[in-house]
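Because the structure is predicted, anything quoted here is derived from the model rather than measured. We name chains A, B, ... by the order of the sequence lines, and we start the count at 1 in each one.
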Amino acid sequence: MTTLNPSSPMVWSDGSTDRSHRSWLVRSAIAIAIFLVLIAAFAPLLAWHQPIVCRYQGALYFPAVSDTANRIPIVGGWIQKAKPFRFPSFDARTELDAFAVWPPVPFGPMELIADANLSASTTHWLGTDDRGRDILSRMIHGAAISVQVGVYAMLLAGFVGVLVGTIAGFYGGAADWMGCRLIEMMMCFPAFFLILAVMVWIGNGVSGVILVIGLTQWTGIARLVRAEFLSSRELDFVDAARSYGAKGWYIALRHLLPGAIGPTLVAMMFGMADAILLEAGLSWLGLGVGSESPTWGGMLRDAFDQIRTHPGLMIAPCAAIFVCVLCCHILGEQLRRSLDPRQSFGGNRS
Amino acid sequence: MTIPTFVGIVLITFLLIHLSPGSPASGTAGGFGDGGISSVDHDRLRTHFELDAPLLSRFGRWLTRVIRFDFGRSFADGRPVSQRILERLYPTLLVTLVTIMIGLCIVIPIASYAALHAGKHFDRIILGACVGFYAIPPYIVGMVLILILGVRFEWLPFSGLTSEGYSEMRLWQKFVDIIQHSVLIGCCFLYPLVAYLVPFVRATMLSVLNEDFVRAAFARGLTKRQVVFRHVLPNTLGPLLTVMGLIVPAVLGGSVVLEVMFAWPGMGRLLYESIHDRDYPVIMGMTVLSAVIVLGVTLVVDLLHAWSDPRVRYA
């Protein structure tokens, strides 16, 4: 008679019970995320070609502040900048001699301000690129574009995904069949191919990139929401809600959707990393936001074109993309763990 | 289930064509890049995609075109689109298929070892490394590899599929040449695949290890090796196969930047070139074809899965 081999355990844990050593990682990820969002929101206050506060012909002006406010979606369009600062030909650097408070990096991201390929100095903290633009300023405004694309594209993808998933999972039958086919066919397209094919027609621009990424990256979220609806549709609490006369949409939104929010948020967090990578890839190809705009991907491309002469140009955008994406992954992973402790790493990432 | 999806793919690309600036609906010229679209292109698009015909008949024509694999002639050089795509298919297939094969050979042993020693140092290091590597986009790794191995030390070529004077080489020299050229781009395809699959296979394996039949196998007195090879591994391969089908679009999509970076004459680079040349027939052909390829792979994976696992067949 054989005895049980004592070295073979009966329960195979995934070894992730003790997570306290990871908390510093998560904390720093949160800190970096907040830092990035703040940079994105207040980019013109950090690096701009016009001062924050200045006196010009006897009056006080706040050009960088009004540019910051201009970037707020929807509302921003109504704010108009004060007159001399609105004109592209107006050079604040030469015109202003009285009181002026400049941003910490007093260079615009698209300004051809100095000699090409200067190395880091006290005036240009990270040096200048091949056309004499300040790299730190471009990095800051690149962060703004990356964060914008990541956040807005994922909000759009989340909305479409939840909508399709809810309709498919709640109604079932023909709606489910249609929803599943729609998800399937969207998943068949390599995201990059479809995005490029659409960009050909709609042209460059941040809003176009956001729209296209949002409308192609929703499939994973839709599948999660649908699965959540299918699994909890038949549970007792839904019958209970129905018994006191709740209507279909009320049940879907009030009782079923909250259960799907957690997985959706996790998927959106990972999706944000993908969106940022997609945007950087598009900009690397010179096909995304526009060749002049400061993007991390575009800066990488500039560095690649001069890889033999100035390989140091790579460092800043590489580090930024890596940190940003890693940050999204760590936060997504932590969110998954805190929402569902049973699920171990690498469950379903789409 | 495949046929409705196929029709849907054709429909989506059809709608894309409908967005085109050549359609009667759009009077003004939108366009890509910094300039607008020229009036010559405008007229060419109209005739090429038959934008004047009624909607339904146009959809019918597009559907039959896709089925017959006939996307007309390229605007750039006048050759048939299908021919241009086919000659670019094989470098992409070469690098992706070989990478996937090598990837599987690396992933399965590492992931199995990590799963069987879950929570130990090796497992933790591997998992951490996977998360880290997965966060680095391939184009960054590509640039670093080109810089270090290609430019600094000049160990490996990093541009194109073959060297100059390829046609005069002997057979084995040709073979070595192609392998040398594909090492760097292959690495860029390989590492995200490994970093994605190792945690997945490890998690699948852990859940299989906790199944009753594994416990029963141990209870029967089988050794650990017998249990792992006979009972655990085969049950891990099913989910792995499904995931392999799902990552094909990601690999194809990632090929665009990498192939441009390494001047690799594959499908991704063809797409990039045709976008620059505004070669719309090729762009639309590539888009629909890539989706059809993915659909085909998914179908094959499903069939393989059903063939290998009776539980799927009778479910």
**Q** What side-chain donor-acceptor pairs closer than 3.5 Å can you find for residues 246-260 of chain B, not counting sequence neighbours?
**A**
from: B/Ser255; atom 1: OG; to: B/Leu252; atom 2: O; distance (Å): 2.5
from: B/Glu259; atom 1: OE1; to: B/Met267; atom 2: N; distance (Å): 3.3
from: B/Glu259; atom 1: OE1; to: B/Gly268; atom 2: N; distance (Å): 2.7
from: B/Glu259; atom 1: OE1; to: B/Arg269; atom 2: N; distance (Å): 3.1
from: B/Glu259; atom 1: OE2; to: B/Thr92; atom 2: OG1; distance (Å): 2.9

**Q** How many angstroms lie between atom OG1 of B/Thr5 and atom CE of A/Met185, to the nearest 0.5 angstrom?
**A**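 Taking OG1 in B/Thr5 and CE in A/Met185, the distance rounds to 6.0 Å.
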**Q** Heavy atom to heavy atom, less than 4.5 Å: which residues from residues 308-317 of chain A reach chain B?
**A**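 The stretch touches chain B at A/Arg308, A/Pro311, A/Met314.
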**Q** Need one label for B/Val201: side chain, backbone, both or neither, based on atoms under 4.5 Å from any heavy atom in chain A.
**A**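 Contact with chain A is absent: no heavy atom of B/Val201 under 4.5 Å.
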**Q** Quick one: do A/Trp284 and B/Ile140 satisfy side chain to side chain contact (heavy atoms under 4.5 Å, CB included)? Show the steps, please.
**A** CA-CA 11 Å; A/Trp284 193 92; B/Ile140 287 185; over 6 Å; no
**Q** State the CD1-CD1 distance between B/Ile136 and A/Ile321, to the nearest 0.5 angstrom.
**A**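 Interatomic distance, B/Ile136 CD1 to A/Ile321 CD1, rounded to 0.5 Å: 11.5 Å.
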**Q** With chain A, which of B/Leu147, B/Ile293, B/Val151 has the greatest number of heavy-atom pairs at distances under 4.5 Å?
**A**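 The answer is B/Leu147.
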**Q** Once rounded to the nearest 0.5 Å, what's the spacing between atom CD of A/Glu184 and atom CD1 of B/Ile9?
**A**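 Nearest 0.5 Å value for the CD-CD1 distance: 9.0 Å.
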**Q** Checking B/Ile283 against chain A: side chain, backbone, both or neither under 4.5 Å from a heavy atom?
**A**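 The side chain, not the backbone.
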**Q** Take A/Glu333 and B/Val131 through the test side chain to side chain contact (heavy atoms under 4.5 Å, CB included) and record every step on the way to the result.
**A** CA-CA 10 Å; A/Glu333 191 53 39; B/Val131 175; over 6 Å; no
**Q** Mind ranking A/Gly281, A/Cys328, A/Ala303, A/Ala273 by heavy-atom pairs under 4.5 Å with chain B and telling me who comes out on top?
**A**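 Heavy-atom pair counts peak at A/Gly281.
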**Q** Specify which of A/Cys327, A/Cys180, A/Ala280 makes the most heavy-atom pairs with chain B at under 4.5 Å.
**A**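 If we count pairs closer than 4.5 Å to chain B, A/Ala280 comes out on top.
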**Q** Just jot down the side chain to side chain contact (heavy atoms under 4.5 Å, CB included) partners of B/Pro239, sequence neighbours excluded, or say none.
**A**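 For B/Pro239, the residues satisfying side chain to side chain contact (heavy atoms under 4.5 Å, CB included) (neighbours in sequence not counted) are B/Phe200, B/Thr204.
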**Q** Check each atom of B/Ile12 against the heavy atoms of chain A and say whether the ones under 4.5 Å are side chain, backbone, both or neither.
**A**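 The answer is the side chain of B/Ile12.
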**Q** In Å and rounded to the nearest 0.5 Å, what is the OG1 to CE distance from B/Thr298 to A/Met187?
**A**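 B/Thr298 OG1 to A/Met187 CE: 8.5 Å, rounded to 0.5 Å.
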**Q** Using a cut-off of 6.0 Å, state whether more than 12 heavy atoms not belonging to B/Phe122 lie near its atom CZ.
**A**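 Count over threshold, so yes.
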**Q** Output the distance between atom CZ (A/Phe189) and atom CG (B/Leu295), rounded to the nearest 0.5 Å.
**A**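 A/Phe189 CZ to B/Leu295 CG: 10.0 Å, rounded to 0.5 Å.
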**Q** Within a 6.0 Å radius of atom CZ on B/Phe133, are there more than 12 heavy atoms belonging to other residues, nucleotides or ligands?
**A**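 Incorrect, the count does not exceed 12.
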**Q** Of all the heavy-atom pairs spanning A/Leu287 and B/Tyr272, show the shortest one and how long it is.
**A**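 Scanning both residues completely, I find the closest heavy atoms to be CD1-CD1, 4.3 Å.
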**Q** Out of curiosity, B/Ile146 CD1 to A/Ile307 CD1, how far, rounded to the nearest 0.5 Å?
**A**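 B/Ile146 atom CD1 to A/Ile307 atom CD1 measures 5.5 Å (nearest 0.5 Å).
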**Q** Quick one: what part of B/Leu271 sits under 4.5 Å from any heavy atom of chain A, side chain, backbone, both or neither?
**A**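 Side chain of B/Leu271 only, per the 4.5 Å heavy-atom cut-off to chain A.
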**Q** Kindly write out the residues that satisfy salt bridge (Lys or Arg N to Asp or Glu O under 4.0 Å) with A/Arg131, not counting sequence neighbours, or none if the list is empty.
**A**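 For A/Arg131 the salt bridge (Lys or Arg N to Asp or Glu O under 4.0 Å) partners, ignoring immediate neighbours, are A/Glu292.
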